[in-house]
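Note that ligands are numbered from 1 as they come in the structure, with each ligand's atoms numbered from 1 the same way. These numbers come from the heavy atoms of this one structure, side chains and all, not from hydrogens, waters or symmetry mates.
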Amino acid sequence: EKGGYDHFMLKEIFEQPSVIKDTYRGRLLADQGIVRLGGLENYIEKFTNADRIIIVACGTSWHAGLVAEYIFEDLVRIPVEVEYASEFRYRNPIISEKDVVIAISQSGETADTLAAIKLAKSKGAFVYGVCNVVGSTISRETHTGTYTHAGPEIGVASTKAFTTQITVLTMMALRLAKAKGTISQSDFMLYLRALELIPNQVEEALKTDDKITEISAVFKDARNFLYLGRGYNFPVALEGALKLKEISYIHAEGYPAAEMKHGPIALIDEQMPVVVIAIKSDHYDKVVSNIQEIKARKGKIIAVVSKGDTVVKEMADYVMEVPHTTEALTPLLTTIPLQLLSYHIAVMLGRNVDQPRNLAKSVTVE
Ligand code: F6R
């Protein structure tokens with residue numbers, strides 16, 4: 001049932017090329033310039049007329065929500081707030097029928113997310129679900145929505161659910177940007193084509209597995225890790241850190257790279273591995289200077305770089321390469337080496353990768 005893999009988590013990491021394709025199949029028709037989501041078509045105006053989009057989720061799904069915040073604001077030009085469902089529901093939030101809520105949940109059973117949905121509905125908001133489990137409670141409690149087609153996710157640490165959530169949210173943003181007229185036809189086509197290429201590029205990123213295994217052996221005994229990223233890759237830094245802590249039990253923190261100097265830089269010494277997402281993007285030069293700051297304090301740099309990069313390669317102690325894509329889609333690629341890094345470190349430490357201590361696959365308690 002693990003399909004020849006040692007763990008479900010590894011199997012699920014390697015399934016990502018096919019499940020991302022399953023998630024956009026029949027919905028993304030790049031050649032024809034069409035992106036179409038059944039659950040969205042009748043509700044486009046709910047979104048385009050909305051004052052605000054509020055995304056509610058927990059854990060890894062919340063990280064997918066953060067990625068969506070960047071892409072929705074970038075392409076659709078609607079203000080987005082991303083809320084931990086557990087905070088939102090207890091906060092007496094300001095919410096009305098002019099708001100659209102997107103609830104993201106792999107299991108569709110997370111108690112806090114469900115309670116946030118019920119609260120939003122009681123205030124008259126329209127609620128859209130992005131779930132993986134067909135017929136789950138959240139998929140039934142939302143007004144409409146789109147399923148991710150990740151297939152069953154058995155490993156407690158979420159991997160393929162995350163990248164398929166981002167795939168759905170990206171398609172939603174593209175469809176809505178088109179409807180709202182906030183994207184040019186040429187950019188729209190560029191995104192559609194770029195998204196279509198992602199499965200093959202994930203496949204390519206997975207080929208660095210051996211290299212990542214070597215890097216994992218070097219750092220497996222570290223007590224702490226920092227993960228840094230900017231822009232679209234700030235949420236990826238958070239997700240990389242979460243993955244490491246939940247399955248290896250190594251303390252890890254994710255930060256926006258520019259926040260370093262406001263505190264976390266004090267942690268850096270020769271013992272501290274710093275994973276930096278330093279792909280070619282609008283933030284590249286800024287990230288390069290963040291790397292210099294870390295190096296000056298003797299931190300060890302493990303960088304996720306774009307294929308063919310030379311500048312960061314010179315500076316970093318180790319690099320993990322990913323193919324090039326348009327910036328908004330980079331989280332789908334940069335996530336891959338971070339999943340593998342946490343997996344291999346956890347395996348080397350003898351952890352129960354698929355069922356880490358204290359964690360359950362679906363959190364139905366509040
Ligand atoms: C992390 C992880 C959890 C879940 C969170 C939400 O790897 O799996 O953080 O992402 O419990 O679960 P869902 O998406 O089922 O609502």
Undergrad: Once you measure the plane-to-plane angle for Phe126 and His143, does it fall in the parallel (<30°), tilted (30-60°) or perpendicular (>60°) bin?
TA: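 Correct class here is parallel.
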
Undergrad: Considering only heavy atoms, does Val156 approach ligand 1 within less than 4.0 Å through its side chain, its backbone, both, or neither?
TA: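 Near ligand 1, Val156 shows its backbone, while the atoms from C-beta on stay back.
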
Undergrad: Please list, in number order, the atoms of ligand 1 under 4.0 Å from a heavy atom of Ser105.
TA: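 Matching atoms, with element in brackets: 13 (P), 14 (O), 15 (O), 16 (O).
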
Undergrad: Taking the side chain as every heavy atom from C-beta outward, state whether Ile95 and Phe88 have any pair of such atoms under 4.5 Å apart.
TA: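 The answer is yes, as the side chains (C-beta and beyond) meet within the 4.5 Å cut-off.
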
Undergrad: Considering only non-hydrogen protein atoms, determine which one is nearest to atom 16 (O) of ligand 1 and report residue, atom name and distance to 0.1 Å.
TA: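 Minimum-distance protein heavy atom for atom 16 (O) of ligand 1 reads Thr110 OG1, 2.5 Å.
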
Undergrad: Could you tell me whether a side-chain N or O of Thr23 sits under 3.5 Å from a main-chain N or O of His149, the two making a donor and an acceptor?
TA: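 Between the backbone of His149 and the side chain of Thr23 there is a qualifying donor-acceptor contact (under 3.5 Å).
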
Undergrad: Of Arg175, Arg36, Lys46, Arg27, which is the lone residue that meets salt bridge (Lys or Arg N to Asp or Glu O under 4.0 Å) with Glu41?
TA: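 The salt bridge (Lys or Arg N to Asp or Glu O under 4.0 Å) with Glu41 is passed solely by Arg175 among Arg175, Arg36, Lys46, Arg27.
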
Undergrad: May I ask which of Ser61, Ala57, Ala157 has a heavy atom nearer to atom 14 (O) of ligand 1 than the others do?
TA: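 Result: the heavy atom closest to atom 14 (O) of ligand 1 is in Ser61.
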
Undergrad: Could you tell me which atoms of ligand 1, counted from 1 in the order shown, lie closer than 4.0 angstrom to a heavy atom of Gly59?
TA: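 Contacts of ligand 1 toward Gly59, numbered from 1: 9 (O), 10 (O).
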
Undergrad: NZ of Lys243 to OG1 of Thr60: how many Å apart, nearest 0.5 Å?
TA: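 Here the rounded value is 3.0 Å.
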
Undergrad: Just to confirm my output: which protein heavy-atom neighbour is closest to atom 6 (C) of ligand 1, and how far is it?
TA: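 Answer for atom 6 (C) of ligand 1: Cys58 O, 3.3 Å.
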
Undergrad: Any N/O of Gln106 closer than 3.5 Å to an N/O of ligand 1?
TA: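 It does: an N or O of Gln106 is found under 3.5 Å from an N or O of ligand 1.
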
Undergrad: Could you tell me whether some N/O pair between Lys243 and ligand 1 is separated by less than 3.5 angstrom?
TA: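 Yes, there is a polar N/O contact under 3.5 Å.
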
Undergrad: Taking 4.0 angstrom as the limit and counting only heavy atoms of Ser158, give me the atoms of ligand 1 inside it, by number and element.
TA: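 So the atoms of ligand 1 that pass are 7 (O), 8 (O).
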
Undergrad: Considering only non-hydrogen protein atoms, determine which one is nearest to atom 15 (O) of ligand 1 and report residue, atom name and distance to 0.1 Å.
TA: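 Checked against all protein heavy atoms, atom 15 (O) of ligand 1 sits closest to Ser107 OG, 2.6 Å.
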
Undergrad: Once you restrict to heavy atoms under 4.0 Å, what part of Glu109 touches ligand 1? Side chain, backbone, both or neither.
TA: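 Neither part.
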
Undergrad: May I ask you to list the atoms of ligand 1 that are less than 4.0 angstrom from any heavy atom of Glu246?
TA: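 Matching atoms, with element in brackets: 1 (C), 7 (O).
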
Undergrad: In the protein, which heavy atom is nearest to atom 11 (O) of ligand 1, and how far is it?
TA: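 Scanning the protein heavy atoms, the shortest distance from atom 11 (O) of ligand 1 goes to Val363 CG2, 4.0 Å.
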
Undergrad: Side chains of Gln185 and Lys178: donor-acceptor distance under 3.5 Å anywhere?
TA: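 Indeed, the side chains of Gln185 and Lys178 share at least one donor-acceptor pair under 3.5 Å.
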
Undergrad: Does Tyr284 have Lys280 sitting over its ring (NZ/CZ under 6.0 Å from centre, angle to axis within 45°)?
TA: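 Yes, a cation-pi geometry holds between Lys280 and Tyr284.
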
Undergrad: Could you check atom 2 (C) of ligand 1 against the protein and tell me its nearest heavy-atom contact, residue, atom and distance included?
TA: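 In this structure, atom 2 (C) of ligand 1 has Thr60 OG1, 3.8 Å as its nearest protein heavy atom.
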
Undergrad: What part of Lys361, side chain from CB on, backbone N/CA/C/O, both or neither, has a heavy atom under 4.0 Å from ligand 1?
TA: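 Answer for Lys361: neither.
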
Undergrad: Do Glu321 and Lys211 meet the salt-bridge criterion of a basic N to acidic O distance under 4.0 Å?
TA: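 Glu321 and Lys211: not salt-bridged.
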
Undergrad: Which class fits the ring pair Tyr70 and Tyr232: parallel under 30°, tilted 30 to 60°, perpendicular over 60°?
TA: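 Rings of Tyr70 and Tyr232: tilted, as their planes differ by 30° to 60°.
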
Undergrad: Rounded to the nearest 0.5 Å, how far does NZ of Lys261 lie from OH of Tyr255?
TA: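 Reported value, rounded in 0.5 Å steps: 13.0 Å.
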
